[in-house]
Undergrad: 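Pasting in a structure now, in structure tokens, and then I'll have a few things to ask.
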Amino acid sequence: MQGMKTRDVIALAVLFVVGLYVWSLPVQDNPLPFGEGDAAHQYGKADFMASFDHVGFDNPPFFYRTWYGSLHPGDESAPIYPPLYFIDLALVQEFGGDRFIPKNLLLIILSSTLGIFAVYFLTRQWYGFWPAVLAGFLMIFSRRDFVSFLFGQRTILASFALVPLILYCYYQYTESFLKDHQHAKDAYLYVMAALLAFSGLIHTQGAFVAVLTLGLYSAYLLWKEKSLPFSWKAMAISILLFSIIFLPFAPDLFSQTQAHPGTFHLQRLSSLFRWYEHPTPPSPAFMYTYGGVHGGYWTLPFLLLGILYLFLKRRNNDMLMFFWLLALYLALHLDVFGFFGGRNDRFLKGEAELFYPLIAIGFMSLRSYIKIGKRMKAYLSWGLALLFLVLVFSFNAPPVVDAAKGAYQGIMRITPAQLEAAEWIDANLPTEAMVYYMPSRDDLPDQYRGWIYQKWRWMQMLSHRAFHDSLSEYNRSEFTHLIIDFSDLGAMGQQELVNALRAASDERFSNKTLLYRKNLIEVYVLG
């Protein structure tokens, strides 16, 4: 392993500080949680563990009574994700002494810094200092990853962040084995197995790409070397280690209704000639265009140069990078063969860890086309690096920084008044309570519905009580309490909607007793 030097420590420190600053912009002035449904689930499971000092595999009742219960037919309390990710969040909440800030920091680190460091490490070991630095800065301003973080799809970001480390460990092992069977560095294979298990437990799609890459690369080495690139004994131990970590949670992971891969059938064959083609009009559209997520098209020529570099060199590490690219392509097109339809686009979240090293390699390969002395080449490296960073900060950084500064401001996330009401509910309502939330999506114009959907999700998680906003999905008799939240509508000056809401509540629930009224939020017990 090539040793890290002082300049690497400095570079990693700069990447960490810049990355943490940019990705923490949404919570610097307001630490209250935000995001779509997945974000509330991840926050809520950890919050429940820390609040009740309880680490359990099964979901608490307020989770599955109105959310995710249909994913495990016959066992609604089964976990949606294994507890590993949530235990980490619960621990930092417990030891950090605050309900929100420690979790915010860990979520940022798992979603961004982990990937930045992994990409830096892999690129530094194989391609040198400058490509590693440049790839690291691109990782900070990965727009698709950042928007996914804002939405709440954070587990998949952490899963893909481990892929570079998994591939590096396997490469190190196979290189040592092919060089000298007797002195193979088996420890790399065991670390790889553990990282692969952790990646799969965080989110299976990152592990899937890693396994597919390892399979393709192993087949290549078998063809090239005319022998297996590993010892059966070491491989058996690594499989056992993987199984010990991963298999206890496999039944819950693969029993979910959404985890069924589908059946073989061909469709949309024309999409095989594209990197990815969304089967329906995508939303938001920029997430599915190269220029939209990679700061325009200025990086595309260098991505192609990086791929060309792999073919020209064709060392084993170059070929591993190539098979990583091929594996990601295959994963993105599984729906063409009838598998994993509707979730293939999530594999796009694995682009950054692969594309950005290739772009940096391609850019810095420009040095090889200029014949100058060693001293001048050092100056050229600095000049190219500075030019690259100017381009990154001109094109890649602005949309990410703008999104960070404007994310979930004001009533677009849970508000202090709603948090106070949720904490009151947690302290005063019975644990088996089921709360009807108004305004429901049916009470408001279309432009408010997505916003309301997130509100009651967060109220559910922060109060540790079952919530829902639909009388069409649940019988009226199942609800024991009612919350009418006028606070957001009041802040927007929507008095007509407030009046309509009061009328609707009287029509739906005539027999109710007031328990709580504060900050334009009212809680009733239903008779």
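Every heavy atom of this structure was used, including side-chain atoms; hydrogens, water molecules and symmetry mates were not. This structure is a prediction, so every number in the text was calculated from the model and none was measured.
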Undergrad: Working note: Asp98 + Gln93, criterion side-chain hydrogen bond (donor to acceptor under 3.5 Å, both in side chains); need CA distance, chi angles, decisive distance, verdict.
TA: CA-CA 6 Å; Asp98 187 86; Gln93 177 178 337; over 6 Å; no
Undergrad: So, the side chain of Asp443 versus the backbone of Ser440: is there a donor-acceptor pair under 3.5 Å, distance only?
TA: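 The answer is yes, because a donor-acceptor pair under 3.5 Å joins these two groups.
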Undergrad: Rounded to the nearest 0.5 Å, what separates atom NZ in Lys518 from atom OG in Ser487?
TA: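 Rounded to the nearest 0.5 Å, the NZ-OG separation comes to 13.0 Å.
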Undergrad: I'd like to know if the side chain of Tyr85 pairs up with that of His203 as donor and acceptor (distance under 3.5 Å, no hydrogens or angles considered).
TA: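 Side chains of Tyr85 and His203: no pair found under 3.5 Å.
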Undergrad: Side chain to side chain contact (heavy atoms under 4.5 Å, CB included), that's the test. Do Tyr524 and Ile484 meet it? Break it down for me.
TA: CA-CA 8 Å; Tyr524 297 86; Ile484 312 178; 3.8 Å; yes
Undergrad: For Trp324 and Val209, what are the C-alpha separation, side-chain angles and deciding distance, and is it a side chain to side chain contact (heavy atoms under 4.5 Å, CB included)?
TA: CA-CA 8 Å; Trp324 184 5; Val209 170; 4.2 Å; yes
Undergrad: Could Asp47 and Arg99 be called an ion pair, given the rule that one side-chain N must be under 4.0 Å from one carboxylate O?
TA: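 Yes, this pair counts.
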Undergrad: What heavy-atom pair brings Arg413 and Asn30 nearest, and what distance separates the two atoms?
TA: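 Smallest heavy-atom distance, with atoms named: NH1-O, 2.7 Å.
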Undergrad: How far does OG of Ser199 sit from CD of Gln205, to the nearest 0.5 angstrom?
TA: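 Atom-to-atom, Ser199:OG and Gln205:CD are 10.5 Å apart.
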Undergrad: Walk me through it: do Trp275 and Tyr290 pass the test ring pair (Phe, Tyr, Trp, His ring centres under 6.0 Å)?
TA: CA-CA 10 Å; Trp275 176 246; Tyr290 184 94; 9.7 Å; no
Undergrad: Which pair of non-hydrogen atoms, one from Ala118 and one from Leu165, has the smallest distance, and what is that distance?
TA: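 Heavy atoms only, the tightest pair is CB-CG, 3.9 Å.
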Undergrad: On the 0 to 90° scale, with breaks at 30° and 60°, tag the Trp23-Phe149 ring pair as parallel, tilted or perpendicular.
TA: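 Tilted.
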Undergrad: What verdict does the salt bridge (charged side-chain N to carboxylate O under 4.0 Å, His left out) test give for Glu522 and Arg502, after you've listed the backbone C-alpha separation in whole Å, the side-chain angles of each residue and the deciding distance to 0.1 Å?
TA: CA-CA 11 Å; Glu522 299 172 1; Arg502 288 196 180 279; 3.1 Å; yes
Undergrad: About how many Å separate CE of Met492 and CZ of Phe486, when rounded to the nearest 0.5 Å?
TA: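 Reported to 0.5 Å precision, the distance equals 13.0 Å.
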Undergrad: Please find the pair of heavy atoms, one from Ser159 and one from Ala207, that lie closest to each other, and give the distance.
TA: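 Looks like OG-N, 3.8 Å.
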Undergrad: Phe302 and ring-ring contact (aromatic ring centres under 6.0 Å, His included): which single residue from Tyr297, Phe363, Phe355, Tyr356 fits?
TA: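 The passing option is Phe363.
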Undergrad: Give the intermediate values and the outcome of ring pair (Phe, Tyr, Trp, His ring centres under 6.0 Å) for residues Phe393 and Phe141.
TA: CA-CA 9 Å; Phe393 280 95; Phe141 301 109; 5.4 Å; yes
Undergrad: Can you classify the ring geometry of Phe208 versus Phe347 as parallel (below 30°), tilted (30 to 60°) or perpendicular (above 60°)?
TA: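 The rings of Phe208 and Phe347 sit tilted, inter-plane angle from 30° to 60°.
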Undergrad: When you measure from the side chain of Arg144 to the backbone of Met287, do you find a donor-acceptor pair of N or O atoms at a distance under 3.5 Å?
TA: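 Present.
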Undergrad: More than 12 heavy atoms of other residues, nucleotides or ligands under 6.0 Å from OH of Tyr21: is that the case?
TA: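 No.
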Undergrad: Whether the side chain of Lys455 engages the backbone of Ile411 through a donor-acceptor N/O pair (distance < 3.5 Å, no angle test) should be reported.
TA: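 Between the backbone of Ile411 and the side chain of Lys455 there is a qualifying donor-acceptor contact (under 3.5 Å).
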Undergrad: Given side chains that start at C-beta, do those of Ile414 and Met459 come closer than 4.5 Å, heavy atoms only?
TA: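 Of all side-chain heavy-atom pairs linking Met459 with Ile414, at least one is under 4.5 Å.
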Undergrad: Does any N or O in the side chain of Arg465 come within less than 3.5 Å of the main-chain N or O of Leu429, such that one atom is a donor and the other an acceptor?
TA: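 Yes: the side chain of Arg465 pairs with the backbone of Leu429.
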Undergrad: Any donor-acceptor pair under 3.5 Å linking the side chain of Gln460 with the backbone of Phe467?
TA: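 Yes, because the side chain of Gln460 sits within donor-acceptor range (under 3.5 Å) of the backbone of Phe467.
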Undergrad: Taking all non-hydrogen atoms of both residues, which atom of Ala210 and which atom of Leu167 are closest, and how far apart?
TA: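 Ala210 and Leu167 have their closest heavy atoms at O-CD2, 4.2 Å.
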Undergrad: So, does Lys103 use its side chain to make a donor-acceptor pair with the main chain of Phe100 at under 3.5 Å?
TA: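 Answer holds: no.
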Undergrad: In the structure I gave you, are the side-chain heavy atoms of Lys512 and Ser505 within less than 4.5 Å of one another anywhere?
TA: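 Yes. Closest side-chain heavy atoms under 4.5 Å.
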Undergrad: Walk me through it: do Phe388 and Trp298 pass the test ring pair (Phe, Tyr, Trp, His ring centres under 6.0 Å)?
TA: CA-CA 10 Å; Phe388 189 93; Trp298 73 269; 5.4 Å; yes
Undergrad: Of all the heavy-atom pairs spanning Ala433 and Thr480, show the shortest one and how long it is.
TA: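 Minimum heavy-atom contact is CA-OG1, 3.4 Å.
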Undergrad: Applying ring pair (Phe, Tyr, Trp, His ring centres under 6.0 Å) to Phe52 and His464, what does each step give before you reach the verdict?
TA: CA-CA 10 Å; Phe52 293 90; His464 308 124; 5.1 Å; yes
Undergrad: Would you indicate whether the side-chain heavy atoms of Val435 and Leu482 approach each other to under 4.5 Å?
TA: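 Leu482 does not reach Val435 side chain to side chain.
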Undergrad: Do the two ring centres, one from Phe121 and one from Tyr168, sit under 6.0 Å apart?
TA: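 Between Phe121 and Tyr168, the centre distance is under 6.0 Å.
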Undergrad: Do the ring planes of His41 and Phe86 sit parallel (below 30°), tilted (30 to 60°) or perpendicular (above 60°)?
TA: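 Plane angle over 60°, so perpendicular.
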Undergrad: Answer with yes or no whether the side chains of Asp345 and Tyr276 bring together a donor and an acceptor at under 3.5 Å.
TA: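 No, no side-chain donor-acceptor contact under 3.5 Å.
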Undergrad: Main chain of Thr415, side chain of Gln418: is a donor-acceptor contact present, judged purely on distance under 3.5 Å?
TA: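 Yes: the side chain of Gln418 pairs with the backbone of Thr415.
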Undergrad: Using the rule given for side chain to side chain contact (heavy atoms under 4.5 Å, CB included), can you reason through Leu328 versus Leu354, listing the C-alpha separation, both sets of side-chain angles and the distance that settles it, and then say yes or no?
TA: CA-CA 9 Å; Leu328 189 55; Leu354 174 59; 4.2 Å; yes
Undergrad: Looking at Trp458 versus Phe34, is the centre-to-centre ring distance below 6.0 Å?
TA: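 Ring centroids of Trp458 and Phe34 are no less than 6.0 Å from each other.
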Undergrad: Once rounded to the nearest 0.5 Å, what's the spacing between atom CD1 of Ile140 and atom CD1 of Ile116?
TA: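 Here the interatomic distance stands at 4.5 Å.
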Undergrad: Kindly indicate, with the supporting measurements, whether the criterion side chain to side chain contact (heavy atoms under 4.5 Å, CB included) is fulfilled by Phe286 and Arg143.
TA: CA-CA 10 Å; Phe286 75 84; Arg143 191 181 185 191; 3.4 Å; yes
Undergrad: Give a yes or no on whether the backbone of Tyr120 and the side-chain of Thr123 come within a donor-acceptor separation of less than 3.5 Å.
TA: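 Not at all, since once roles are kept as given, no pair shorter than 3.5 Å links the two residues.
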Undergrad: Would you confirm whether Asn396, through its side chain, and Ser142, through its main-chain N or O, come within 3.5 Å as a donor-acceptor pair?
TA: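 No.
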Undergrad: To the closest 0.5 Å, what do you measure between CG (Leu134) and CE (Met139)?
TA: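 Taking CG in Leu134 and CE in Met139, the distance rounds to 14.0 Å.
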Undergrad: As an exercise, state the distance from CG of Leu330 to OG1 of Thr213, rounded to the nearest 0.5 Å.
TA: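 Answer rounded to 0.5 Å: 9.0 Å.
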Undergrad: Any idea which heavy atoms bring Ala360 and Ala135 closest together, and the distance?
TA: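 Closest pair (atom of Ala360, atom of Ala135, distance): CB-N, 3.8 Å.
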Undergrad: Would you say the side-chain atoms of Gln42 pair up with the backbone N or O of Gly152, donor to acceptor, closer than 3.5 Å?
TA: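 A pair under 3.5 Å: yes.
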Undergrad: Evaluate the side-chain proximity of Val336 to Ser271: yes if any heavy-atom separation is below 4.5 Å, no if none is.
TA: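 Touching, per the 4.5 Å side-chain cut-off.
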Undergrad: Please check if atom CG in Asp506 has more than 12 non-hydrogen atoms from other residues, nucleotides or ligands closer than 6.0 Å.
TA: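 Enclosed.
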Undergrad: Classify the ring geometry of Trp456 against His468: parallel below 30°, tilted from 30° to 60°, perpendicular beyond 60°.
TA: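 Judged by the thresholds at 30° and 60°, the geometry between Trp456 and His468 is tilted.
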Undergrad: Against the six-membered ring of Tyr436, is Arg508 placed for a cation-pi contact (under 6.0 Å from the centre, within 45° of the normal)?
TA: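 Relative to the ring axis of Tyr436, which defines the angle, Arg508 lies outside at least one limit.
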